[in-house]
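Each remark here refers to the structure printed beneath this line.
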Amino acid sequence: QVQLVESGGGVVQNGGSLRLSCTASERTSPINLMGWFRQAPGKEREFVAAITWGGSRSSLADPVKGRFTFSRDNGKYTIYLQMNSLKSEDTAIYFCAARTTNTLTTDPQNYSYWGQGTQVTVSS
């Protein structure tokens with residue numbers, strides 16, 4: 001069973017930066033796509049970013065383009081989400097997700113594996 005472990009959340013002021021990390025527990029994992037979602041109180045889970053493990057394809061949600069970047073470290077089975085110019089509307093629990101097929105998808109129902117989530121709070 002693949003486990004995803006996130007880290008890097010916290011409280012930051014408006015305009016600040018945070019970097020989230022997500023590591024898959026199994027080095028021989030069947031994972032071919034990893035991504036980030038977020039969920040604010042009272043709202044549905046929202047797609048943020050996704051990347052195929054080979055790195056040939058990736059997707060970033062429009063609300064975070066130009067502010068967030070993401071990358072992967074194949075050797076460590078880890079992906080990163082660098083969040084800059086944070087705004088209050090970025091406040092949410094951020095979840096790492098993964099799936100075995102490499103088709104890019106923004107639908108959370110298409111992801112089989114989930115991390116426990118990490119809280120990001122942007123204060124004004």
Side-chain angles (χ1 to χ4, degrees):
Q1 179 72 15
V2 174
Q3 292 185 334
L4 304 176
V5 179
E6 303 120 332
S7 62
V11 180
V12 64
Q13 289 189 335
N14 195 33
S17 298
L18 283 173
R19 188 176 84 152
L20 306 182
S21 302
C22 173
T23 300
S25 62
E26 298 293 333
R27 293 297 181 267
T28 56
S29 166
I31 290 172
N32 285 292
L33 182 75
M34 291 183 73
W36 291 98
F37 288 79
R38 66 185 182 184
Q39 189 164 17
K43 295 188 177 181
E44 293 185 352
R45 195 162 294 191
E46 175 187 33
F47 172 78
V48 176
I51 187 167
T52 57
W53 202 245
S56 61
R57 286 172 288 137
S58 62
S59 180
L60 197 61
D62 287 341
V64 304
K65 282 181 180 176
R67 301 187 297 120
F68 291 12
T69 58
F70 64 109
S71 59
R72 76 197 189 287
D73 183 330
N74 287 4
K76 296 181 180 179
Y77 254 88
T78 298
I79 60 171
Y80 305 95
L81 184 67
Q82 177 66 43
M83 306 184 294
N84 300 323
S85 302
L86 283 162
K87 306 174 182 179
S88 57
E89 52 261 45
D90 294 318
T91 294
I93 300 174
Y94 283 70
F95 295 90
C96 178
R99 64 188 302 223
T100 56
T101 56
N102 63 2
T103 304
L104 276 173
T105 174
T106 62
D107 187 344
Q109 293 186 359
N110 292 332
Y111 289 77
S112 302
Y113 306 104
W114 290 88
Q116 78 285 356
T118 185
Q119 178 70 47
V120 171
T121 302
V122 183
S123 62
S124 57

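For the atom pair CD of Gln119 and CD1 of Ile93, the computed distance is 5.0 Å after rounding to the nearest 0.5 Å.
Under the salt bridge (charged side-chain N to carboxylate O under 4.0 Å, His left out) criterion, no residue pair touches residues 110-121, with sequence neighbours excluded. For the salt bridge (charged side-chain N to carboxylate O under 4.0 Å, His left out) condition, the pairs that include at least one residue of residues 40-50, sequence neighbours left out, are Arg38-Glu46. Within the structure, disulfide (SG to SG under 2.5 Å) pairs that include any residue of residues 59-108 comprise Cys22-Cys96 (at least two apart or interchain). Here ring pair (Phe, Tyr, Trp, His ring centres under 6.0 Å) pairs that include residues 90-112, with residues two or more places apart or in two chains, are Phe37-Tyr111. The stretch residues 48-72 participates, sequence neighbours left out, in these salt bridge (charged side-chain N to carboxylate O under 4.0 Å, His left out) pairs: Asp62-Lys65, Arg67-Asp90. Sorted by first then second residue, the side chain to side chain donor-acceptor pair (under 3.5 Å) pairs that include residues 10-20, not counting sequence neighbours, are Ser17-Asn84. Note on residues 108-124: no pairs pass salt bridge (charged side-chain N to carboxylate O under 4.0 Å, His left out), not counting sequence neighbours. Residue pairs meeting the disulfide (SG to SG under 2.5 Å) criterion with at least one member in residues 36-81, sequence neighbours excluded, do not occur.
Looking at every heavy atom in both residues, Leu20 comes nearest to Trp36 through CB-CH2, 3.6 Å.
Residues passing the side chain to side chain contact (heavy atoms under 4.5 Å, CB included) test with Thr101, sequence neighbours excluded: Arg99. Shown here are the side chain to side chain contact (heavy atoms under 4.5 Å, CB included) partners of Ser58, two or more places apart in sequence or in another chain: Ile51, Phe70. Among residues two or more places apart in sequence or in another chain, the side-chain hydrogen bond (donor to acceptor under 3.5 Å, both in side chains) test is passed with Thr118 by none.
Ring pair Trp53/Tyr77: centre-to-centre distance below 6.0 Å.
Grouping Ile, Leu, Val, Met, Phe, Trp and Tyr residues whose side-chain heavy atoms lie under 4.5 Å apart, directly or via other members, leaves Tyr80 alone, with no other cluster members.
Counting heavy atoms from C-beta on, the side chains of Phe68 and Pro63 never come closer than 4.5 Å.
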